[in-house]
Number of protein chains: 2
Amino acid sequence: MYKIEFKDFFTYSFSLDCVIFGFQNGKIHVLLIKRAMEPFKNKWAIPGDLVYPDEDLAAAANRILVELTNLSMVDLHQAETFGNPNRHPQGRVITSAYMALIRIADFKATPASWAEEVKWQAIDELQELAFDHNAIIQSTYELLKKKMRTEPICFDLLPERFTLNELQCLYEFVYTTTFDKANFRKKLKHIPLIKQTEKQANVKHRPAKLFSFDSQLFQSLITQSEYQFKL
Amino acid sequence: MYKIEFKDFFTYSFSLDCVIFGFQNGKIHVLLIKRAMEPFKNKWAIPGDLVYPDEDLAAAANRILVELTNLSMVDLHQAETFGNPNRHPQGRVITSAYMALIRIADFKATPASWAEEVKWQAIDELQELAFDHNAIIQSTYELLKKKMRTEPICFDLLPERFTLNELQCLYEFVYTTTFDKANFRKKLKHIPLIKQTEKQANVKHRPAKLFSFDSQLFQSLITQSEYQFKL
DNA sequence: CTAAATTATTGTCTTTGGTACAATAAGTGT
DNA sequence: ACACTTATTGTACCAAAGACAATAATTTAG
């Protein structure tokens, strides 16, 4: 047994992995990239890379996501940190997951740098991924599910204008249940959502009203009183 | 501008900081240690230290807490990760906060290793601490407040047998409001708590009934159905 | 032009849970 | 027996949740 010097502790590396969620065809999807580099070359993974020595974490997460997928202006939030000593084959690399919820149609993800391809993959149809990325996605998805109960983040996944049916489908997928249509709508009547007089068009049945979320009103509600979103 | 090599990224260090909460005299308290070592020698801080090269994070958090305060068998949970490049004066040290809620009376914290003293400090009376520890505590306390709404973690802070008044005081401190006594009790009637026939003794007024939380029942409820704790 | 098909939306009734506030109970000390 | 203190229950009202029936607005087939 020998003593470890202080400098011997500066032999770690630190990375960030971005779990980007979207909603498509009634299912939550995750953004994946195909690695063009060892280790795990040609395997699918979530976009992630090492942090620069003088870089702040939030800024690094954004930089990495842009470099690999050209997705910019995405609102990333920290999730769990993973530090199993064997999670990276080339050394001790600790990683923090950062997550974001985006409208797939409003962004255009394209591969760049050492990302060979990008794709949106349904969360319930994931193959085996590089590193411990399956575990990272799983843990981050659990966090998403928890947050959906108490924060109005569902609207980040839906189009600017959405039908109540779309909203209900999203919640039914995430909570893996079904809700009574009439009661689900009634609940929303009591929430600061603005009913759009505008209606759907080009549908082959009775058109639905379109709704949109008033995030300004929400912001003022939470700062003034202690309003608590719930659904 | 020169190219950064892969090996140049292995110059980081990684630490864990333990935010231990307790409840005392109607206030949430945090466990602090006095540093007997540079940097920030003689300053108060939360117990934390560097992770060993082959050590898992959860295990490291426990080891560090034991080494500095002799608190063992504490149930630590990961909170936020802090990585500002200037947060540590001697190099790039990224740190993850781990938090625990304990019954102060059931544990005996004593200083060890380079911890000179330990003390419980009320959360609303914190002085300036070492590193970014004030920010770490603040962020972790926010997490505690969120969790208290949806998880039965309040019982980790109260004695095994508690009065409904004690429980109410805890919630009133954390939420910084007051509740109607009668209604608060009525709410608890609908929750899996076991009413103890046992009563308080040695008090100079009508003795209160003592209650205790049935964590076994809670465990089976959340695994079987999708029960959601709420208070 | 009418009816069927499809999806959207509203209404009614019942039950549950929250809030305000008054009333009663069980101890101690004088 | 009485005041004092804290604990606990009761009553009346209202908002929101759940079950389920009814109605509305479109397109399309005939």
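Proteins get letters first, then strands, A, B, ... in listed order; numbering begins at 1 in each.
Within 3.5 Å, a donor on the side chain of B/Arg206 pairs with an acceptor on the base of D/dA7, or the reverse. With hydrogens and angles left out, the side chain of A/Lys186 and the base of D/dG18 share a donor-acceptor pair within 3.5 Å.
Atom-to-atom, CG of B/Asn202 to C1' of D/dT6 comes out at 16 Å; the value is rounded to the nearest Å. Counting to the nearest Å, the P atom of D/dA15 and the NZ atom of A/Lys187 are 18 Å from each other. For A/Leu188 and D/dA16, the CG to P distance is 13 Å, given to the nearest whole Å. Protein atom CD of A/Glu166 is 11 Å distant from nucleotide atom P of C/dT9, rounded to whole Å.
No donor-acceptor contact under 3.5 angstrom links the side chains of B/Thr150 and B/Gln228, judged on distance only. Between the side chains of B/Gln78 and B/Ser96, no donor N or O sits under 3.5 Å from an acceptor N or O. A donor-acceptor pair shorter than 3.5 Å can be found between the side chains of B/Glu80 and B/Ser139.
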**Request:** Take A/Glu198 and A/Lys209 through the salt bridge (charged side-chain N to carboxylate O under 4.0 Å, His left out) test and state the conclusion after the steps.
**Result:** CA-CA 6 Å; A/Glu198 186 187 356; A/Lys209 291 183 193 141; over 6 Å; no
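Considering only side-chain atoms of B/His190, the nucleotide from C/dG17, C/dA8, D/dT27 that sits closest is C/dG17. The side chain of B/Lys209 sits closest to D/dT9 out of C/dA8, C/dT10, D/dT9.
The side chain of A/Asn165 contributes no N or O atom lying less than 4.0 Å from OP1 or OP2 of C/dT7. Contact annotation: A/Lys189 reaches the phosphate of C/dT10 (side-chain N/O to OP1 or OP2, under 4.0 Å).
The residue among A/Lys195 and B/Lys199 whose nearest nucleotide of DNA chain C lies closer to the 5′ end is A/Lys195.
A salt bridge is defined here as a Lys NZ or Arg NE, NH1 or NH2 lying under 4.0 Å from an Asp or Glu carboxylate O, and B/Arg103 with B/Asp156 fails to meet this definition.
In this view, A/Thr163 and A/Asn165, A/Glu166, A/Gln200, A/Ala208, A/Leu210 satisfy the side chain to side chain contact (heavy atoms under 4.5 Å, CB included) rule, not counting sequence neighbours.
DNA chain C lies under 4.0 Å from at least one heavy atom of each of the following residues of residues 167-183 of chain B: B/Asp180, B/Ala182, B/Asn183.
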